[in-house]
Every structure is written in C-alpha cells, then in structure tokens.
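Structure first, commentary second.
In what follows, every chain begins at residue 1, and chains take the letters A, B, ... in the order their sequences are listed.
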2 protein chains.
Amino acid sequence: MERLATINDVAKIAGVSRQTVSRAINNKGEISLDTREQVLKVVQHLGYRPNRMAQGLVTQHTLTIGIIIPDISNPFFPEFARGVQDFAHQEEYNVFLCNTDGNPDEEVKALYSLAAQGVDGVILFTYQGSDDILKEFADKYHPVVVLNRYVEHPNIAVIMVNNYHGAKLAVEHLIERGHTNIAMLAGPDTSPSKVRQVKGFCDALTEHGLPVVAKWIISSLPLPTLTQGYQSAHQLLSKNPQITAIFAYNDLLAIGAIRACNELGYRVPTDCAIVGFDDIQLASMVTPSLTTIYVNKYTLGEQAMARLLNMINNPDSVSPSIYVDVELVVREST
Amino acid sequence: MERLATINDVAKIAGVSRQTVSRAINNKGEISLDTREQVLKVVQHLGYRPNRMAQGLVTQHTLTIGIIIPDISNPFFPEFARGVQDFAHQEEYNVFLCNTDGNPDEEVKALYSLAAQGVDGVILFTYQGSDDILKEFADKYHPVVVLNRYVEHPNIAVIMVNNYHGAKLAVEHLIERGHTNIAMLAGPDTSPSKVRQVKGFCDALTEHGLPVVAKWIISSLPLPTLTQGYQSAHQLLSKNPQITAIFAYNDLLAIGAIRACNELGYRVPTDCAIVGFDDIQLASMVTPSLTTIYVNKYTLGEQAMARLLNMINNPDSVSPSIYVDVELVVREST
DNA sequence: TAAAATGTCGTGAACGTTCACGAATGATCA
DNA sequence: TGATCATTCGTGAACGTTCACGACATTTTA
C-alpha cells in the first residue's frame, strides 16, 4: 500500500502551485486553458484523486448521504434503495445504508452515526421516533427527507405514499367483487401510514353503507412480516368465519394470510379474497398471485434523492410535501 | 444549521487541552480518572462527536468500508448485506453500498469511487473484471475480500461458496429420485462459481454412469434472472421432451423454470423435477415450493466483514481462503 | 502617458483531529 | 538531600484540501 498522490505532488510535477491544481480539477476560478490542460495531464498520469476527507474538512460537504430503513431484507426496500443509489451515483454521491429493524433507538443511533460521519443529508423511511429528535437533528445537522410521515420543519422534506387512496381502491375493488364482510391486517400502530390506510379502509366501507367492525382490524406488532400475517389471519378467520375478504397493510402480511387460508382449508379467492399493498416482486410469483396496490418504489427512491439534493444545494428553498399516487393491480387472489 | 461542537470547545469548557480531550474520548494515553470523568461530562453535555473527516485525515482510517454487488434487488444480496452491515455497525463501521449490474466497467468505477472516498476496505461479490485491476487496487489502496473468485494476493482474502459440492448434492438427489435425463440452467460464463458448479454437475453424472449432454447445459447471459430462467427452460423443454429434471444455478432461474413448466403443461415435480441454489426466501413461498441448496447468506456476510476487519487491523497477517459449505433442502419441486 | 481594470497565479491560513515530543509535578530511591 | 522515575498534561506540527487575499503582468481606459 504505497502512498497516494496528493495535490502537492501534482503541483510539483506540473510546476505550478496547489491552488492552480485545485482550480484545474474543480474547473473554477481563473485559470488559462493552457495551464489547465498541462495540469490535467499530470493528474491523469499520476492517477491523482482528491482526498475526500480533506475536501470535506474544509468545504463541509462530503458528497455522501445516508439512507435509514427498517430492513433491507424486506423486499420493499431494495428497489427503493436502488432508486436512491442510482440517482446518487449519477451525481457523484456515495450512499451509506443503515437498518434499524423498526427500533426507534437504532434510528437515533443511525442518525447520529451518519451525522458524525459527515453526510450531507439523510433519507429516512418509516421513522418511528419522536418529532422533536428529528427536528433537533435537522436544526443542528443536515437536511432530511422523510417518507410516510408528516413533520413540519424548514430543513425537512416530506414524501407520502397515498396510502389513503390505495386503501380505498382496494376496498372498493373487494366490494365490487361482492364482498361485504371485509377485515384488515393493519400495520404497526406506530406507523403513520398505517393510520392513513385504516382511515381509507373505514371511509370506503361507510361510503358504501357497510359497517366498520373494530375487531376485524388487527395491528401487526412489532413488524408487518410474513409470520405476523399468517398468525393474525389464522386467528381472525378461525374466530370469524363470516369474513370473506382481507385487505392487508403490505404484501408480506397478505402472503402470510394466503398461507393461513390454505392451512384452514379456505380457498383463495373463492372462500376468502385477499388484497395486499406495495406490489413487491414476490406478489406476482406466489400462488395464487396477489392482487395488490402498486407503488413505484424505484421512482420513490429517485424522488427522495432528488429532493435531498435540492435541499443540499439550495439550503433556503422551501420543500413542499409530495404525494405519490398508487394503482390497483388485479391478480388471482380476488 | 448551527456550528457543531469541536474538540476545542470541549477543551475550553473543561479547562484542559485538546490532547487531553482526545485522550479522554479515545481512552488511551495516560490520563487520570478524575480529569477523564470531567471531560466526558462536558462531552456529554455538548453532545460532542469527533469529526470523522478530521480523524480520517490524520489517522488514515475512516471506519468505513464498501460493498460492491451486482444488484441489491436480487433477493440473494440483502441478506448478505445485512450480515456485513450488522457486523460492521457493531464495530463502529459504516458501510457504502454499490450496485454494478454485473457490468465490469461499473465495478472498476465503484472500486475507485470508494478508494477516493477513503474506505478502509472493500468487499467484492461476483467480480467480473480482470485480476490485474483488482491486484493493482489492492496494492495501491486497501484490503479486499473477494467472494466466489480466486485471486492470489497478500492484500486480498478469498471466500468461496462450495458450489461444486452443492451441485453434486443436487444432482445426486435427482438421481436418487430416479431421474437420468437431467439438464442444467448454468450461470453467466464470466462467473467462476458457474464453472465450479458445472464441474460438480458433470462429475456427479459421470460418477453415476450417466452421460453428460453438452446441449443440455445452458448459460444465462447476462444475468441469472427470473425471465432468463423462464426463457431458457421454455426453449430447453420444448426442444428436448425427454428431459425430466433441471438443476439451476440459482433460485431465480429455477423459479423461472417452474413458470415455464406450468405454461408448457408440465407438472412439477411429476413431469419435471427442479432444484435451485441459494435458498432465498422466495424459494419456500412459491408453489410448488423449491428444493434447493441452502447457503447461509447472512453468515457469509458476517464472515466477509470479519475477514476484512482482520486484514485492516493486522495488515501483515496472511489470509487463507475459506470454503463455506452448503446443504440440500428438499421441498415440493422434486 | 499614467491610471485603472483585467487576467492569471501563488501564499498563508484554516478546517478538526492525532502524533511526537517535551514540561511539570510528585513519588521513590540511594 | 539530590537524582531518578512515573504520572499526567500541554504544545507545535502534520494530514490534504479550499478560501481569502495579494502579487504580478498585461490590457484597457481617460
């Protein structure tokens, strides 16, 4: 591991000063075309690359950002992360990835670890902690893009998936198919998107003159996973045989519910129809394939990164909230 | 965004020098217990965190590493990445993630982008580029852990999944089930693990007195994806109806093959048995569920990170190659 | 023609931390 | 008692880069 070339090495060989080299590679400040070319030749020859830590120390910009998500193993997030990363790399940014398993303590740890690292901004998905901590962070450190949670702060941008509308689409689809006894596998109580989704679910029912049965709305704690969906659906259906349709907070819960149906001898969709949310890749691969609400996760990631970049480069601009819309995808499970 | 507290702020308030603060937080060098406690109180109070860029500039260590993989959307990699990340965070390291889509140019770009970023090391999965580039990188920059490819270099550690053995297990299982006409959906030609796997496949056949039919071994280019598996299997089975079993390079190819079977009216496993490789979560969720070769992806990630840490901390130690073994998991597809 | 303006480049300082060294204090020993 | 040692702490330098400013040569302007 030999020593890497520094800006001084380049300067010495090119016969100019550090500053001139800096001007040449950053393409700013006054420099003649001739010397610029000369310097760049030497840069090329030595394979010189500016040390990002030294740059970061003086400019207070590191060209890095962080993503904080519950779990990259959850099939929703890889696509989202790719959206962020592809956009980021295109803009010369590198990306840190942190998993929290939905644990608020871990979220805070990740937040401050990234701050000490010197990231230029953070993208935060399904934040469960307190607004105050987040606002304090945004005050003291860097811009933040938050997904699926509303936080009002000049240094925080919000992107919301339209869970409310998605839930309505799902329930209306089930009602069209003739279902009247519809249950819901809801998300974790701490999740704000869960609240909006439940509201859409209830509103759709009442708008069609159907009663809302509180006992048929089951929260999934701590995380909306396959086994959670399996257990909740199992309990729900064996206690309430009159239920003929289930709407789930996400596809994992829905797929768990399908398994529960199979085990209880319910046929999907004949005996019990099921609708998921997110349209992860798995949704079209299971049997029966899953009717669900499509969310463009990759684009969501790109948008989040675009917002963050905008905030980094224009610190004083306002960042209005964005709502991302969703679509119904009908498959075999309804 | 107010200015962050620096070591000098702490020093001033605590009434000591920078160096004493440094000694207190890094818990090294001689310092009395009293002053240490005093300093740490101030650190706590100010919420001081050492600036990693300043640290990195002088120590040449950044407490960051990079992972380079083809695609985090491929279900194999999230679990692997979590293994790396969990271990890394536990050791106070942060992790950069780069996707290359199997493109060698992107691999090199990622490698040098990470080097400029100042990572302490790199974990490289399914590297497709030339040995020379990698060796030059390991010479000039930092230690590298390479998976599923053999590269001899003092600054490069190698971890291999035992594809050869896995392929043998799969084929022997099919032969036990009475199959004699077995085809293979192989990986991309550029992948070294593909070569070892094909060898295991062929050896298993010949050891049991069965002929190897070259035409029945199909490479998947450029990437071993669902649609690749579907197309290859479709073509293979419609041209060669005598085939009764397929062994696939990975689970995605295998699941694509299941779909092709369904479409051609072949029943799995009655008309055509299928074995995959990797045991991704999806494998147990599809219908019929997939017999496959289990690889502990999370542990693989942990091991890779452990090797890398060891190389970072003990630059002169030798790093022998590791072989990670695999197991057969029998499910409905055979 | 002298003064002002422009274009090009270099120099010292700063970013926040650690390292190598040295200074001061008190304890220990012959 | 004077010398030696261990313990504890502080000071200047360095890491590699950019920023603010100034210097110089050349061109433009009054």
Side-chain angles (χ1 to χ4, degrees), chain A residues 1-40 42-43 46-64 92 115-120 140-141, chain B residues 1-40 42-43 46-64 92 115-120 140-141:
Chain A
M1 284 194 282
E2 52 191 68
R3 209 180 114 274
L4 262 59
T6 75
I7 202 171
N8 282 313
D9 299 332
V10 178
K12 208 170 287 177
I13 295 184
V16 296
S17 73
R18 312 188 292 281
Q19 185 58 21
T20 304
V21 177
S22 175
R23 280 192 264 256
I25 54 178
N26 292 323
N27 206 7
K28 76 178 184 184
E30 293 88 2
I31 185 175
S32 76
L33 232 120
D34 273 3
T35 48
R36 196 174 122 78
E37 273 181 18
Q38 285 295 331
V39 170
L40 289 186
V42 179
V43 167
L46 288 182
Y48 165 74
R49 290 201 160 218
N51 182 316
R52 289 235 169 149
M53 275 158 292
Q55 281 182 317
L57 197 54
V58 44
T59 61
Q60 310 287 8
H61 276 241
T62 56
L63 295 181
T64 61
E92 307 279 325
Q117 188 64 253
V119 294
D120 294 342
K140 288 181 69 170
Y141 300 92
Chain B
M1 281 192 283
E2 52 193 70
R3 211 180 110 276
L4 263 59
T6 74
I7 202 170
N8 282 313
D9 300 331
V10 178
K12 208 170 288 176
I13 295 183
V16 295
S17 72
R18 314 189 290 281
Q19 185 58 21
T20 305
V21 178
S22 175
R23 280 191 265 255
I25 54 179
N26 293 322
N27 206 7
K28 77 178 183 184
E30 293 89 1
I31 184 175
S32 76
L33 232 121
D34 274 2
T35 48
R36 195 173 122 78
E37 272 180 19
Q38 284 296 330
V39 170
L40 289 186
V42 179
V43 166
L46 288 183
Y48 165 74
R49 289 203 160 215
N51 181 315
R52 289 239 169 145
M53 275 157 294
Q55 282 182 317
L57 198 54
V58 42
T59 61
Q60 309 287 10
H61 276 240
T62 55
L63 296 180
T64 62
E92 306 280 324
Q117 188 64 251
V119 294
D120 294 341
K140 286 182 71 171
Y141 300 91

Worksheet entry | Test side-chain contact (heavy atoms from CB on, under 4.5 Å) applied to A:Val10 and A:Val39, step by step | CA-CA 7 Å; A:Val10 178; A:Val39 170; 4.3 Å; yes
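- You'll find that the side chain of B:Tyr48 is closest to C:dT17, out of D:dT17, C:dC9, C:dT17.
- Atom pair B:Lys12:NZ and C:dG16:C1' shows a separation of 13 Å (rounding to whole Å applied).
- Mapping B:Gly15 and A:Asn51 onto DNA chain D via the closest heavy atom, the residue that lands nearer the 5' end is B:Gly15.
- Nearest to the side chain of A:Ala54, among C:dG16, D:dT17, C:dC19, sits D:dT17.
- Counting to the nearest Å, the P atom of C:dT18 and the CG atom of A:Leu57 are 12 Å from each other.
- In this entry the distance linking CD of A:Gln38 with C1' of C:dC9 reads 15 Å, nearest Å.
- Nucleic acid contact class of B:Gln55 (heavy atoms, under 4.0 Å, all strands): sugar-phosphate only.
- The base of C:dC15 is not paired with the side chain of A:Gln60 by any donor and acceptor separated by under 3.5 Å.
- For B:Asp9 and C:dG16, the CG to P distance is 8 Å, given to the nearest whole Å.
- For the pair A:Thr6 and D:dG16, the criterion of a side-chain N or O lying under 4.0 Å from OP1 or OP2 is not met.
- When the P atom of C:dT6 is taken as reference, atom CD of A:Glu30 falls 11 Å away, rounded to whole Å.
- When the side-chain nitrogen and oxygen atoms of A:Thr35 are compared with OP1 and OP2 of C:dC9, one or more of them lie within a distance under 4.0 Å.
- Per the geometry, CG belonging to B:Asn8 stands 7 Å off P belonging to C:dT17, to the nearest Å.
- Map A:Arg52 and B:Val21 each onto its nearest nucleotide of DNA chain D; the residue landing nearer the 5' end is B:Val21.
- Rounded to a whole Å, the CD1 atom of B:Ile31 is 15 Å from the P atom of C:dC19.
- Residue B:Ser22 places at least one side-chain N or O under 4.0 Å from the OP1 or OP2 atom of C:dT18.
- Counting heavy atoms from C-beta outward, B:Glu37 and B:Leu33 have side chains that approach closer than 4.5 Å.
- When the side-chain nitrogen and oxygen atoms of B:Ser32 are compared with OP1 and OP2 of D:dC9, one or more of them lie within a distance under 4.0 Å.
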Worksheet item: Taking it one step at a time, do B:Arg36 and B:Asn27 satisfy side-chain contact (heavy atoms from CB on, under 4.5 Å)?
Response: CA-CA 9 Å; B:Arg36 195 173 122 78; B:Asn27 206 7; 3.5 Å; yes
Item to complete: Just do the side-chain contact (heavy atoms from CB on, under 4.5 Å) check on B:Val16 and B:Val21 with the steps written out, would you?
Response: CA-CA 7 Å; B:Val16 295; B:Val21 178; 3.9 Å; yes
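- Atom CD1 of B:Ile7 is separated from atom CD of B:Gln19 by 7.5 Å, given to the nearest 0.5 angstrom.
- Across all strands, A:Arg23 comes closer than 4.0 Å to base atoms (heavy-atom distances).
- Between the side chain of A:Arg18 and the base of C:dG12, a donor-acceptor pair under 3.5 Å is found.
- Following rounding to the nearest Å, A:Arg36 (CZ) and C:dC9 (C1') show an atom-to-atom distance of 16 Å.
- Between D:dT18 and A:Asn26, a contact under 4.0 Å exists linking OP1 or OP2 to a side-chain N or O.
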Item to complete: Could you walk me through whether B:Gln117 and A:Thr64 pass the side-chain contact (heavy atoms from CB on, under 4.5 Å) test, one step at a time?
Response: CA-CA 9 Å; B:Gln117 188 64 251; A:Thr64 61; 3.4 Å; yes
